[in-house]
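Order of listing sets the numbers, starting from 1, for every ligand and every atom in it. For the numbers below, each heavy atom of this structure counts, side chains included, while hydrogens, waters and symmetry mates do not.
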Amino acid sequence: MIVAAGEALIDLVPQDAGSPAGAGLSPLAPRLGGGPFNTAVALGRLGSPAAFCSRISYDAFGEALLARLRAADVDVSWVQRGAEPTTLAVASIAADGSADYSFYVDGTADRLFAAPARLPDGVRAMIFGTCSMVLEPGASAYEELMRRAAAEGVFTALDPNIRDGLIRDPDAYRARFKSWLPSVALLKLSEEDARWLGGTPEEWLASGPAAVVVTRGGEGLSVLTRACGEISVPGVPVDVVDTIGAGDTVNAALLHGLAARDALSADAVAELDAGAWTDVLRFAARAAAVTCSRAGAEPPYAAEVDA
Ligand SMILES: OC[C@H]1O[C@](O)(CO)[C@@H](O)[C@@H]1O
């Protein structure tokens, strides 16, 4: 079982592409989102046994988030509940489909996550990242869980998925990010996040991860490992509605692909050959393209990726 840990929220997405703050306020449609939430739903839809570990509100948005997880066959027994409201993210969509977010996170349920006393039963891999690794006090709880998972031999993945509007002290975050790397087996990040963090895949690979995957939007994605060096695949051309959730889908597709090759361990990932990586990356590029072809984070089902 693969466990995604972190926030679930509501993305408010402009129905006419553009900015909600433009002349005459575009109507906003609520879409289910949150990086780790999207990854959990994507894992379930791709057919990987998955669980979600988080804290979800009792409000109507929280109920909708839980219903989506259950419908995707995601185990929700590690979800904590709270009376506080659900986090909101108001998205602005640029002409190329890329999104920017304004977050409403004060006093919301997901940031009060508390680390559980033990790791979820049957866990083989855990993935962390995004707002939940920034917003205290939950961030410290997720960090503790990530370090514990790694120490107990669980395959640990991280996608920083930087939302810089939420990061008060960028240098402190960069230092914290570096301190996580010895606990991370698979690091995946976008090219923009790599630039924001100010390091290189080579440096990060030397600090712990067995593989570093960098996504380049429509240009595709690449992986760097010690055994194979860099392997790249091109993006899959698609009419982009918006790119919300594309990176989260990539996370799920990578873990799904590694699980299918029985490679959910740092050693197995380090030994994976170029052919296997190329197949895993191609699958991830196709899965991301499906997500970009529709509004909001709407992860694909396995049959849609195969088609
Ligand atoms: O979690 C932070 C934000 O990032 C996304 O997951 C997309 O990657 C959105 O759904 C959410 O608003």
S.K.: Verify whether the ring centers belonging to Y173 and W180 lie closer than 6.0 Å.
M.R.: yes
S.K.: Give every pair made of an N or O atom of ligand 1 and a protein N or O atom lying under 3.5 Å apart, one pair per line with both atom names and the distance to 0.1 Å, or write 'none'.
M.R.:
{"from": "ligand 1", "atom 1": "1 (O)", "to": "E7", "atom 2": "OE2", "distance (Å)": "2.6"}
{"from": "ligand 1", "atom 1": "1 (O)", "to": "G35", "atom 2": "N", "distance (Å)": "2.9"}
{"from": "ligand 1", "atom 1": "4 (O)", "to": "R163", "atom 2": "NE", "distance (Å)": "3.3"}
{"from": "ligand 1", "atom 1": "4 (O)", "to": "R163", "atom 2": "NH2", "distance (Å)": "3.0"}
{"from": "ligand 1", "atom 1": "6 (O)", "to": "G35", "atom 2": "N", "distance (Å)": "2.8"}
{"from": "ligand 1", "atom 1": "6 (O)", "to": "N38", "atom 2": "ND2", "distance (Å)": "3.2"}
{"from": "ligand 1", "atom 1": "6 (O)", "to": "D248", "atom 2": "OD2", "distance (Å)": "2.9"}
{"from": "ligand 1", "atom 1": "8 (O)", "to": "N161", "atom 2": "ND2", "distance (Å)": "3.4"}
{"from": "ligand 1", "atom 1": "8 (O)", "to": "R163", "atom 2": "NH2", "distance (Å)": "2.9"}
{"from": "ligand 1", "atom 1": "8 (O)", "to": "D248", "atom 2": "OD1", "distance (Å)": "3.4"}
{"from": "ligand 1", "atom 1": "8 (O)", "to": "D248", "atom 2": "OD2", "distance (Å)": "2.9"}
{"from": "ligand 1", "atom 1": "10 (O)", "to": "D11", "atom 2": "OD2", "distance (Å)": "2.5"}
{"from": "ligand 1", "atom 1": "10 (O)", "to": "G34", "atom 2": "N", "distance (Å)": "3.1"}
{"from": "ligand 1", "atom 1": "10 (O)", "to": "N38", "atom 2": "ND2", "distance (Å)": "3.3"}
{"from": "ligand 1", "atom 1": "12 (O)", "to": "D11", "atom 2": "OD1", "distance (Å)": "2.4"}

S.K.: Here's a test for you: under side chain to side chain donor-acceptor pair (under 3.5 Å), which of E143, E136, E144 qualifies with S140?
M.R.: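 Among E143, E136, E144, the one meeting side chain to side chain donor-acceptor pair (under 3.5 Å) with S140 is E136.
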S.K.: Do L66 and F52 have side-chain heavy atoms sitting under 4.5 Å apart?
M.R.: no
S.K.: Among L32, D75, I56, find the one that has a side chain to side chain contact (heavy atoms under 4.5 Å, CB included) with L69.
M.R.: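 Passing option: I56.
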S.K.: Hey, are D262 and R124 close enough for a salt bridge, meaning a charged N less than 4.0 Å from a carboxylate O?
M.R.: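 Salt bridge: yes.
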S.K.: Pair up each side-chain donor or acceptor in residues 100-108 with any protein partner under 3.5 Å, not counting sequence neighbours, and list the distances.
M.R.:
{"from": "T108", "atom 1": "OG1", "to": "T87", "atom 2": "OG1", "distance (Å)": "2.7"}
{"from": "T108", "atom 1": "OG1", "to": "V105", "atom 2": "O", "distance (Å)": "3.0"}
{"from": "T108", "atom 1": "OG1", "to": "D110", "atom 2": "OD1", "distance (Å)": "3.2"}

